[in-house]
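Source: prediction; values computed, not measured.
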Amino acid sequence: MSASSATSSSGAIMSASGKTGKVSKILFLLILLGGLAYAGVCICHDLQGVPSSSLLVYALLTVALLIALAFEFVNGFHDTANAVASVIYTHSLKPNTAVIWSGAFNFLGVLLSTGAVAYGVISLLPVELILHMGSDVGYAMIFALLCAAIIWNLSTWWLGLPASSSHTLIGSIIGVGVANQLMSVDRSTSGVSWRQIINVGESLLFSPLLGFILAALLLILSKKLLRIPAFYTAPENDAPPPWPIRLLLIFTCTTVSFAHGSNDGQKGMGLIMLILIGTVPMAYALNHAVPKEEWAKFSANSQAVQKTIEDLLPPGLVLHTGTDARAEVTALVEDKQGTPEQLAALAQLVQMVEHDVSKSDSLRNLPPREVGNIRNDMYLISESLTLLQKNALHRQYNLNAVQMDSLNAYHTSIDHATKYIPIWVKVMVALALGMGTLVGWKRIVVTVGEKIGKTHLSYAQGASAELVTASLIFAADRFGLPVSTTHVLTSGIAGTMAANKSGLQKSTVRNLVIAWILTLPVSIVLAGGLFWFFRLIF
């Protein structure tokens, strides 16, 4: 494409961005106000019957929620902007239409998400900090995580670099965990879950490589099967592509938006749940929406899993009098050794939880002052069962099919009680993502469309990269792993440029790689320093 075409393409994007119709403004404002009103009503309903807390608690809750939503708002600059980049750059949709369209499918993706990624992110945090949410150190952790992620995301956005919010958040978690361990007087204090960090790190590392390779292969395959010359050209001026190509690009934008909501949106949801559980545990520590008939099975499942665990123990093993079952199970989650004594303590903790919840016929009616401890016990049990089901402990104890069924049934009951996301949280996260896209899409769209390859993005390249991106995100969501929409999509576009023999702009690729390399160490240092600062304040 010529220099004049390049200038006209960029100019068309920028000029179109200024034409926001009154109807679009009013519609977006109504959606925003409706979402805020809905969230407010839901929070008031949830807090009914909860003993009044101090004004300081509610002030911290409000500030923490605003910062968490700000994180998702900034996330919209980076990740959701990538979802609309191809349809805006190719003029398949007007910018405001594209943003609203993408926001709607982000919302659906968030709404229909499983929550697995949200709690997968939470599991990266040190066990000690999760068990002490609501304390001063818990607030310091939340504020440090969110502020560090926002600072780095804003910095890279200002430079027009499609940096990864997922990468930033993982680095922030590592920084907080390491700082917590270094600042603790007790050197046995747990740091981050390095094994889980490695699993997530592998998904963040290999997903862009897969995006590069698969997008390149898909473009090559399409050239052989779809011999449509217009499909392989770049957009000219502000003319939309032919309608079949336009529909395809709208479809790929839709799938990426939905996939983004189902994966990336969950990261903010997980942090918001930590805030709610730590600040108002009586309302949010346990899922009040679990049906009574389902909860009625909990006692039977508890007894079955208790017997299953006891069958794994050496004959005659009895815990010493005065043994702290919670401390033993915490050690099991932290060191993942699974000693017979730790398994015996796990069976005892299962019995304790069953005794505590038997005081009521539903989670909503449990004694308010006991809810926080019950939730922590359930968290420890859930993490321990995961080790028995999927980790080396499974091979160590050689569980049979009947024993696995027993563990699965009880684990499902525990997760239904603790791993949930209220609908209003999903609504607020989706709105924050949409607002971020509306404000910050321009820089990312130009980078994606014009600054990765030496030629401008063609229709086929945009479609190939987005189809691969959506597929990889859906696969990651299936396994509860966070991946970076930004990294996968930009790598996919780079792959199509390589397959097209268009060449890559070394300066942009260099800047992207530098941002990718710096994200972890910078976010680690930022989060660790902020955690130390907030510990001094609180």
Side-chain angles (χ1 to χ4, degrees), residues 119 123 127 130-133 277 281-334 338-390 393-394 397 399-420:
Y119 285 96
S123 68
V127 175
I130 295 177
L131 296 179
H132 292 88
M133 285 304 304
I277 291 167
M282 296 177 195
Y284 296 106
L286 297 174
N287 184 8
H288 295 168
V290 175
K292 289 185 178 180
E293 52 272 20
E294 179 181 334
W295 194 243
K297 304 175 184 176
F298 184 76
S299 180
N301 289 338
S302 299
Q303 294 173 13
V305 81
Q306 186 180 343
K307 183 179 184 304
T308 294
I309 296 172
E310 289 173 347
D311 288 344
L312 302 177
L313 302 176
L317 176 65
V318 178
L319 285 179
H320 298 296
T321 304
T323 299
D324 187 342
R326 291 188 182 93
E328 286 288 333
V329 178
T330 301
L332 167 61
V333 174
E334 290 176 350
T339 64
E341 290 75 17
Q342 290 173 343
L343 289 189
L346 176 60
Q348 184 175 324
L349 191 59
V350 169
Q351 184 180 31
M352 291 165 58
V353 170
E354 181 195 357
H355 175 267
D356 290 338
V357 302
S358 65
K359 299 173 184 177
S360 176
D361 61 345
S362 70
L363 290 175
R364 181 179 293 275
N365 297 325
L366 285 170
R369 299 296 178 186
E370 297 182 17
V371 168
N373 287 333
I374 293 174
R375 198 263 173 198
N376 283 345
D377 290 344
M378 286 183 170
Y379 167 79
L380 289 172
I381 292 171
S382 177
E383 294 299 302
S384 300
L385 293 181
T386 298
L387 295 175
L388 277 173
Q389 292 168 290
K390 300 179 181 179
L393 298 186
H394 176 67
Y397 286 98
L399 280 75
N400 57 42
V402 175
Q403 291 171 326
M404 285 297 295
D405 288 342
S406 171
L407 294 181
N408 289 334
Y410 182 73
H411 203 170
T412 299
S413 297
I414 288 284
D415 284 352
H416 282 178
T418 57
K419 296 183 178 181
Y420 75 104

Is there side-chain contact between [X] and [Y], with heavy atoms separated by less than 4.5 Å?
{"X": "Leu312", "Y": "Gln403", "result": "yes"}
{"X": "Leu388", "Y": "Leu346", "result": "yes"}
{"X": "Pro340", "Y": "Tyr397", "result": "yes"}
{"X": "Val357", "Y": "Val353", "result": "yes"}
{"X": "Asn287", "Y": "Thr418", "result": "no"}
{"X": "Gln306", "Y": "Gln348", "result": "no"}
{"X": "Glu354", "Y": "Ser299", "result": "yes"}
{"X": "Glu328", "Y": "Asp324", "result": "no"}

Task: Shortest non-hydrogen contact from Tyr420 toward Ala283 - done: OH-O, 4.1 Å

Task: Heavy-atom pair with the smallest gap, counting every atom of Ile277 and Ala285 - done: CG1-CA, 4.1 Å

Would a distance-only check, ignoring hydrogens and angles, find a side-chain to backbone donor-acceptor pair under 3.5 Å from [X] to [Y]?
{"X": "Tyr410", "Y": "Asp405", "value": "no"}
{"X": "Gln303", "Y": "Ala300", "value": "no"}
{"X": "Glu294", "Y": "Val290", "value": "no"}

Kindly compute the distance separating [atom1] ([X]) from [atom2] ([Y]), expressed to the nearest 0.5 Å.
{"X": "Thr412", "Y": "Lys419", "atom1": "OG1", "atom2": "NZ", "value": "10.5 Å"}
{"X": "Ser302", "Y": "Ile381", "atom1": "OG", "atom2": "CD1", "value": "8.0 Å"}
{"X": "Leu380", "Y": "Leu332", "atom1": "CG", "atom2": "CG", "value": "9.0 Å"}
{"X": "Leu385", "Y": "Met378", "atom1": "CG", "atom2": "CE", "value": "12.0 Å"}

Open item on the list: Assess the residue pair Ser382 and Asp415 against the criterion (side-chain hydrogen bond (donor to acceptor under 3.5 Å, both in side chains)); give the C-alpha distance rounded to whole Å, side-chain angles, the decisive distance to 0.1 Å, and a yes or no.
Closed with: CA-CA 7 Å; Ser382 177; Asp415 284 352; 2.9 Å; yes

TODO: Scan Ile309, Thr330, Val329 and name whichever one has a side-chain contact (heavy atoms from CB on, under 4.5 Å) with Leu349.
DONE: Val329

TODO: Please assess Gln389 against Asn408 for the test side-chain hydrogen bond (donor to acceptor under 3.5 Å, both in side chains), listing each intermediate value before the final yes or no.
DONE: CA-CA 8 Å; Gln389 292 168 290; Asn408 289 334; 2.4 Å; yes

